[in-house]
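All chains are named by letter (A, B, ...) in the order of the sequence lines, taking the proteins before the strands, and each is independently numbered beginning at 1. Here the structure is a predicted model, which is why all the values come from computation and not from measurement.
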2 protein chains.
Amino acid sequence: MDLIDRLRAITPHVLTGPDALPYGRDWVGKYVTTPLAVVRPNTTAEVSAIMALAHETGTPVVPMGGNTGLTGATAAEGALILSLERMTRIREIRPEARIAVVEAGVILQDLHIATEAQGLSYPMTFGAKGSARIGGTLATNAGGSNVLRYGNTRDLCLGIEVVLADGRVLDLTSELHKDNSGYDLRDLMIGAEGTLGVITAAVLKLTPLPQAYATAMVTVPSLPDALQLLNRLQEHTGGMVEAFEYMPRDYLTRLAQFRADLIPPLGHDVDHMIFLEIASTVPRDCSVDDTGQVPLLSALEEILGEMFEDGLVLDAALAGSVAQRRLMWEIREAAAEISVNTKPLVINDLCLPVDQIETFLSRAEARLKPLDPGVTSCTVSHLGDGNVHYTIYPSTAALCDPLMEAVEDIVQDMRGSFSAEHGIGLGKLSSMQRRKDPVALDMMRAVKAAFDPKGILNPGKTLP
Amino acid sequence: MDLIDRLRAITPHVLTGPDALPYGRDWVGKYVTTPLAVVRPNTTAEVSAIMALAHETGTPVVPMGGNTGLTGATAAEGALILSLERMTRIREIRPEARIAVVEAGVILQDLHIATEAQGLSYPMTFGAKGSARIGGTLATNAGGSNVLRYGNTRDLCLGIEVVLADGRVLDLTSELHKDNSGYDLRDLMIGAEGTLGVITAAVLKLTPLPQAYATAMVTVPSLPDALQLLNRLQEHTGGMVEAFEYMPRDYLTRLAQFRADLIPPLGHDVDHMIFLEIASTVPRDCSVDDTGQVPLLSALEEILGEMFEDGLVLDAALAGSVAQRRLMWEIREAAAEISVNTKPLVINDLCLPVDQIETFLSRAEARLKPLDPGVTSCTVSHLGDGNVHYTIYPSTAALCDPLMEAVEDIVQDMRGSFSAEHGIGLGKLSSMQRRKDPVALDMMRAVKAAFDPKGILNPGKTLP
């Protein structure tokens with residue numbers, strides 16, 4: 001019995017030939033591969049049987065969630081794609097315990113809808129939320145726009161269920177907030193991009209659903225002024241800033257070009273635009289007061305007014321309706337779409353010390369222009385985390401790697417990271433080789449060998 | 001040249017014979033061992049040279065911080081103790097970046113003093129803060145009384161510097177809030193109790209120093225009422241509860257017996273006592289208002305008043321001075337001292353779902369009494385985390401293990417953990433063997449073999 005027949009004995013949901021091809025292409029359109037087949041199990045037991053079979057036969061396996069990654073981590077030339085897309089059960093939501101137990105194939109937005117119906121929030125959000133799946137967010141330790149307040153995926157996950165390379169199930173589905181019984185295997189699996197195991201389910205932390213939002217677009221004279229605005233907001237609200245996003249001129253220019261339907265409230269002719277949101281669960285912030293205003297919104301107006309007087313804010317538009325708030329979010333969440341539709345491109349997902357971003361951007365421009373006078377860029381930043389999405393468009397494909405190296409040089413010199421939240425996949429393998437501490441690389445390889453001695457799990461990814 | 005001479009060539013700070021003996025005894029007085037020697041390096045380079053020598057000669061090494069652990073993790077029969085106590089430099093505090101870079105030997109309280117001088121806080125605190133060292137808190141992923149708001153050690157650490165078993169230095173001293181460049185080796189090292197590497201320095205997160213505290217002791221009719229109090233406080237303050245500690249009658253009885261100098265504001269004749277503190281950095285909470293009150297304190301009074309009306313609070317004493325606040329903290333932080341001075345004892349450091357603690361305590365009592373009618377207990381709990389310190393005093397030493405197993409049975413049945421924040425060391429090795437998922441144990445052993453192939457780092461600890 002050949003491999004495909006044996007897979008079909010585990011589950012009928014096996015795709016081959018042309019049916020498998022769409023799974024072999026990534027969202028950016030950079031990696032086009034021909035998978036051996038696609039298997040779509042429905043239960044952890046099926047995943048376990050598939051991995052045991054792959055282990056026995058030495059078949060390379062690429063775990064796949066929503067396939068919205070930006071680094072080619074699910075490229076699958078000749079490999080078996082293990083898609084979690086049919087494991088979409090929300091096993092339970094326990095409002096008093098503030099947890100959700102979900103399978104890896106649950107779509108992020110579906111979890112938002114389910115938790116909000118219970119007055120709670122799973123506070124991770126990013127542009128691809130309508131197709132990204134929980135398993136993928138765990139595999140990449142995804143970030144997004146609310147990390148400032150709630151942390152990355154790792155911070156939002158209490159426990160996981162994992163199928164190991166040989167098919168054994170590793171049960172780490174604790175819902176406890178404290179557990180010091182041995183090594184932290186959970187956080188090792190999270191962010192490992194499917195190279196150490198296949199995450200099949202997770203226990204996720206839920207947070208109270210904000211009862212009021214104050215959302216605004218603000219123009220500032222400079223990036224340091226934006227940081228001052230962030231710090232004042234945090235101080236005055238006791239840390240209620242959920243999103244603090246930076247969109248400079250190069251972003252707004254591309255927005256006008258590719259999403260002309262989304263008109264920013266303060267227009268496109270702006271050097272430094274900030275999109276911000278504060279949110280509260282505290283009754284005194286949220287209930288309408290004598291003047292008919294929500295106090296949270298009044299507080300934001302007051303701080304922005306003070307900063308306008310001080311010359312630190314140039315202009316501001318507050319969202320006065322649900323529709324205005326949604327427009328502001330759409331302008332920010334269009335980032336992935338508007339930044340990848342020019343080729344060739346280099347996606348840089350950088351992290352820098354928060355107060356160094358202006359310096360980085362000016363150093364990068366000064367370094368890149370002489371190498372490629374025709375280079376252009378699209379910048380958008382989760383400013384509060386120091387995370388800069390700095391996509392560049394070289395004049396020719398041959399310049400991609402030299403320009404990426406030039407960016408890395410500056411990032412390394414500033415003690416930043418060449419991968420903040422997208423992970424490594426294939427796209428940043430050369431950066432790992434060039435920039436990562438060699439001792440760390442050695443130990444990562446030792447960990448990989450311990451968990452996947454035959455090297456069948458997502459081979460060739462993450463580790464050079 | 002023998003080993004001791006070779007150590008002395010690295011650093012003159014080598015203790016042998018009677019000078020080494022005090023390091024071989026743990027704080028509880030349960031583990032009394034005779035170390036081979038104690039070496040006290042001053043720099044990471046010296047630690048590296050010591051580990052290279054130990055690796056070459058196959059010498060077992062026990063890393064040691066303040067030696068305040070409760071599980072025998074630093075017992076060192078025939079082993080070389082590597083004490084970090086001379087590496088006490090605070091390398092830098094950068095207030096704008098809100099980080100401190102410290103060496104492993106820094107005493108926790110010294111870091112508190114240094115950060116508070118800059119208007120910032122390193123918000124980890126527990127009874128042994130005056131002697132516990134940062135390296136030890138990292139090795140055990142220490143918790144304490146402020147986890148509810150700020151998390152465990154793992155949540156407070158951005159980066160670490162580690163010397164590996166063979167002496168190589170693993171530089172993970174990032175100060176970034178987002179870094180997805182490969183596997184999470186940092187969190188693997190944190191909580192590994194010195195069995196995977198020797199942590200020599202860390203980059204720690206600092207938080208704004210609260211500008212006002214509202215601190216109280218409260219008596220409640222039952223544990224579920226206490227949880228309601230916690231939830232209301234969190235809702236009304238937007239999550240400003242820093243400490244929420246439970247001290248029932250068995251605790252207050254021992255307090256009267258062993259620390260008669262600490263008189264609880266509401267007396268000792270109480271079934272369910274809560275010690276709580278809320279803290280704020282928000283100016284509107286902290287500045288004295290027209291009535292001469294701090295609004296934060298008024299808010300607490302109001303919530304307690306409402307709950308008193310509803311019959312959910314029986315009585316409350318608010319700290320009206322710095323001295324009263326300090327007394328309340330001392331009553332809570334006497335826990336370790338008053339709980340270990342009766343022998344034989346079994347220290348249970350349990351974690352349970354937050355709403356299951358009352359059930360656990362009644363099940364435990366019902367189970368233990370028939371096994372040992374003379375058993376007594378001392379209970380204190382970080383209630384908001386589900387962490388219960390449930391120390392029991394069997395009638396005879398022979399009953400220690402049977403009673404510990406009986407407690408474990410209940411904890412496992414309730415999907416709790418037998419180790420919340422103290423770690424495993426030697427004291428909980430049998431629990432690891434009995435209770436931990438065998439697949440998880442297998443993978444932990446594989447990780448141990450990858451990092452420490454000769455098994456010289458804290459041998460015999462953590463993993464059965």
Suppose we screen for salt bridge (Lys or Arg N to Asp or Glu O under 4.0 Å). Which residues come up paired with A:Glu193, at least two apart in sequence or across chains? none

Any chance you could measure A:Glu235, atom CD, to B:Gln211, atom CD, to the nearest 0.5 Å? 8.5 Å

Residue among A:Pro438, A:Gly384, A:Ala449, A:Gly423 with most heavy-atom pairs under 4.5 Å to chain B: A:Gly423

Could you walk me through whether B:Leu185 and A:Met444 pass the side-chain contact (heavy atoms from CB on, under 4.5 Å) check? CA-CA 8 Å; B:Leu185 300 180; A:Met444 288 179 193; 4.0 Å; yes

State the CG-CG distance between A:Asp385 and B:Asp179, to the nearest 0.5 angstrom. 12.5 Å

With a 4.5 angstrom heavy-atom cut-off, which part of A:Glu421 approaches chain B: side chain, backbone, both or neither? both

Atom group of A:Phe451 that falls short of 4.5 Å from chain B, counting heavy atoms: both

Under 4.5 Å to a heavy atom of chain A? For B:Pro353 that would be both

Option that, when pairs with chain B are counted at under 4.5 Å, heavy atom only, ranks first among A:Asp349, A:Leu196, A:Val447, A:Val147: A:Leu196

Select, from B:Ser181, B:Ala450, B:Gly143, the one with the greatest count of heavy-atom pairs under 4.5 Å involving chain A. B:Ser181

At what distance, to the nearest 0.5 angstrom, does OG of A:Ser174 lie from CG of B:Asp437? 12.0 Å

If you tally heavy-atom pairs under 4.5 Å between each of B:Leu441, B:Leu227, B:Ile424, B:Thr281 and chain A, the highest tally belongs to B:Ile424

Return yes when atom CD of A:Glu306 has more than 12 non-hydrogen atoms of other residues, nucleotides or ligands closer than 6.0 Å, and no otherwise. yes

When the 4.5 angstrom heavy-atom criterion is applied to A:Leu350 and chain B, the contacting part is neither

Which atoms of A:Lys448 come close to chain B, meaning under 4.5 Å heavy atom to heavy atom: side chain ones, backbone ones, both, or neither? both

Please flag which part of A:Ala97 lies under 4.5 Å from any non-hydrogen atom of chain B: side chain, backbone, both or neither. neither

So what's closer than 4.5 Å to chain B heavy atoms on A:Asp187: side chain, backbone, both or neither? both

Report, as yes or no, whether the 6.0 Å neighbourhood of atom CD on A:Glu92 holds more than 12 heavy atoms from other residues, nucleotides or ligands. yes

With B:Asp184, which residues qualify under salt bridge (Lys or Arg N to Asp or Glu O under 4.0 Å), at least two apart? A:Arg154

Under a 4.5 Å heavy-atom cut-off, does chain A meet the side chain of B:Val162, its backbone, both or neither? neither

Please find the pair of heavy atoms, one from B:Met432 and one from A:Gly182, that lie closest to each other, and give the distance. CE-CA, 3.9 Å

Rounded to the nearest 0.5 Å, the NE2 atom of B:His422 sits from the NZ atom of A:Lys178 at a distance of 8.0 Å

For B:Arg415 and A:Thr173, which I'm curious about, is there any donor-acceptor pair between the side chains at under 3.5 Å? yes

Validation row: B:Val439, A:Leu164 side chains within 4.5 angstrom (heavy atoms): yes

Per-residue tally against chain B (heavy atom, under 4.5 Å) across A:Ala420, A:Gly238, A:Cys351, A:Ala446 peaks at A:Ala420

Salt-bridged, B:Asp442 to A:Arg168, with N to O below 4.0 Å? yes

Do the side-chain N and O atoms of B:Thr462 and A:Tyr183 include a donor-acceptor pair separated by under 3.5 angstrom? no

Can you tell which of A:Met443, A:His236, A:His177 has the highest number of heavy-atom pairs within less than 4.5 Å of chain B? A:Met443

Shortest non-hydrogen separation from A:Gly416 to B:Leu176 and the atoms involved: C-CD1, 3.6 Å

Atom pair CG/OG of A:Asn180 and B:Ser417 - distance to nearest 0.5 Å: 7.5 Å

If you count heavy-atom pairs within less than 4.5 Å of chain A, which of B:Thr195, B:Asp355, B:Asn231, B:Val354 leads? B:Thr195

With a 4.5 angstrom heavy-atom cut-off, could you sort out which part of A:Leu352 is near chain B: side chain, backbone, both or neither? backbone

Under 4.5 Å, counting heavy-atom pairs only, tell me which of A:Leu188, A:Ile190, A:Leu172 racks up the most with chain B. A:Leu188

From the list A:Asp155, A:Leu170, A:Thr140, the residue making the most non-hydrogen contacts under 4.5 Å with chain B is A:Leu170

